[in-house]
Amino acid sequence: MKESPKILAIQFKYYGDAVMLTPALRAIHSHFPESELHVLVPEEVAPIFEHLPWLHHVWPMPRQRGHIRISQSWPVIRALRHEGFDQSVDFAGNDRGAMLSLLIGAQQRLGLINPGGFLGRRFCYHQHAVPTALAQHESLRLAHILSAWKIAPPSSLTPEIVIDSAEDAFAERLLPTGSVICHIASSQPKKEWPVRQWATFYTLAVAAGQQLVFTTAKGTREQALMDELRRVAPQALILPVIPELRQFLALLKRAEVFISGDTGPLHFAAGLGIPTISLFGPTAAARWAPQGNQHRFLTGTNCSCDGNVSICQNERHCLAEITPEQVLTCLQTVRG
């Protein structure tokens, strides 16, 4: 193995997973400080990595979940093949990552072996990493893959995002100084705190002198949640949908505190160094909550939902057990 190899890291998963990859990428850079470190990610998550000073190049690839569009993907694959990578590591261990590893053709290919997938997936790699226990934090689990290269775990699990200051003016126009951003949606309804509890929390927080601003995602279901919040808390300040991830990251960077369930924007805020309060129930805080003294999490009751379902099957949503009073107390503690 070269002392300064040219390395490609591959990650085809979701927004939060992309942010939690950054400690592992830092570990690669620390181990091979003179190497060229590239990343290949879905184009929608590329802004997370664009301005990290220790990354040599970010390769965004168009994707549509469940479909492979060769006409869009092949130009990127061809360009990556021409780079002549010495090593590649696929952190996702899914079919797409395995096939891309094989097609790009680094001299040494490392991949995570997860159950399932197409029959020949394991043969796309020269070296294999086995998933660690689910009780570990996800950033540590990702870093463990690198033990095959004798790379030590990162000294810190703090994620890292650097944003372009060109978006600062946009964020200043939209977000009042001193705001607490509350993000009410997630990719799965089971991870969402009930809207009426958001409304009660808003009333309590405003009475306590806190300035709350609400955001959500652009999907139809997420917008319906915001419409419900407008009905039950008509005085709440609700931001318009921010279609560009770069602008949304700039907005988060201005926040005093960020509050949400287990969702991608929670990890964006943590990566930007913003104190967070996260609300957990159906997913494990020990694995997914942001790490560090400036972050807090609250948990509801134990959830018996199958991990593969998106909607809570319990008679009472486990997150509903987190009270608005608890969240306010946590917010006051974070803000000192």
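A salt bridge does not link E167 with K253: every distance from a Lys NZ or Arg NE/NH1/NH2 to an Asp or Glu carboxylate oxygen is 4.0 Å or more.
Taking the side chain to side chain donor-acceptor pair (under 3.5 Å) definition, one finds that E83 meets it with K6, sequence neighbours left out. With sequence neighbours excluded, the residues satisfying side-chain contact (heavy atoms from CB on, under 4.5 Å) with P265 are H183, F248, F258, T263, F268. Looking at residues two or more places apart in sequence or on another chain, you find a side chain to side chain donor-acceptor pair (under 3.5 Å) between H295 and T276. Every side-chain contact (heavy atoms from CB on, under 4.5 Å) that T323 has, sequence neighbours left out, goes to E325, Q326. Residues meeting the side chain to side chain donor-acceptor pair (under 3.5 Å) test with T177, sequence neighbours left out: R254.
Expressed to the nearest 0.5 Å, how far CG of D90 lies from CG of L8 amounts to 9.5 Å. Atom CD of residue E256 and atom CG of residue L175 lie 9.5 Å apart, to the nearest 0.5 angstrom.
Side-chain heavy-atom separations under 4.5 angstrom define the hydrophobic clusters, and the remaining members of the one that includes I113 are Y125.
A pairwise comparison of heavy atoms in F91 and A9 identifies CE1-CB, 3.9 Å as the closest pair.
Atom CZ of F297 has 12 or fewer heavy atoms from other residues, nucleotides or ligands within 6.0 Å. At most 12 heavy atoms of other shown residues, nucleotides or ligands fall within 6.0 angstrom of atom CZ in R196.
Using a 4.5 Å heavy-atom cutoff, the side chains of E160 and L52 are in contact. Looking only at side-chain heavy atoms (C-beta outward), F12 and P42 come within less than 4.5 Å of each other.
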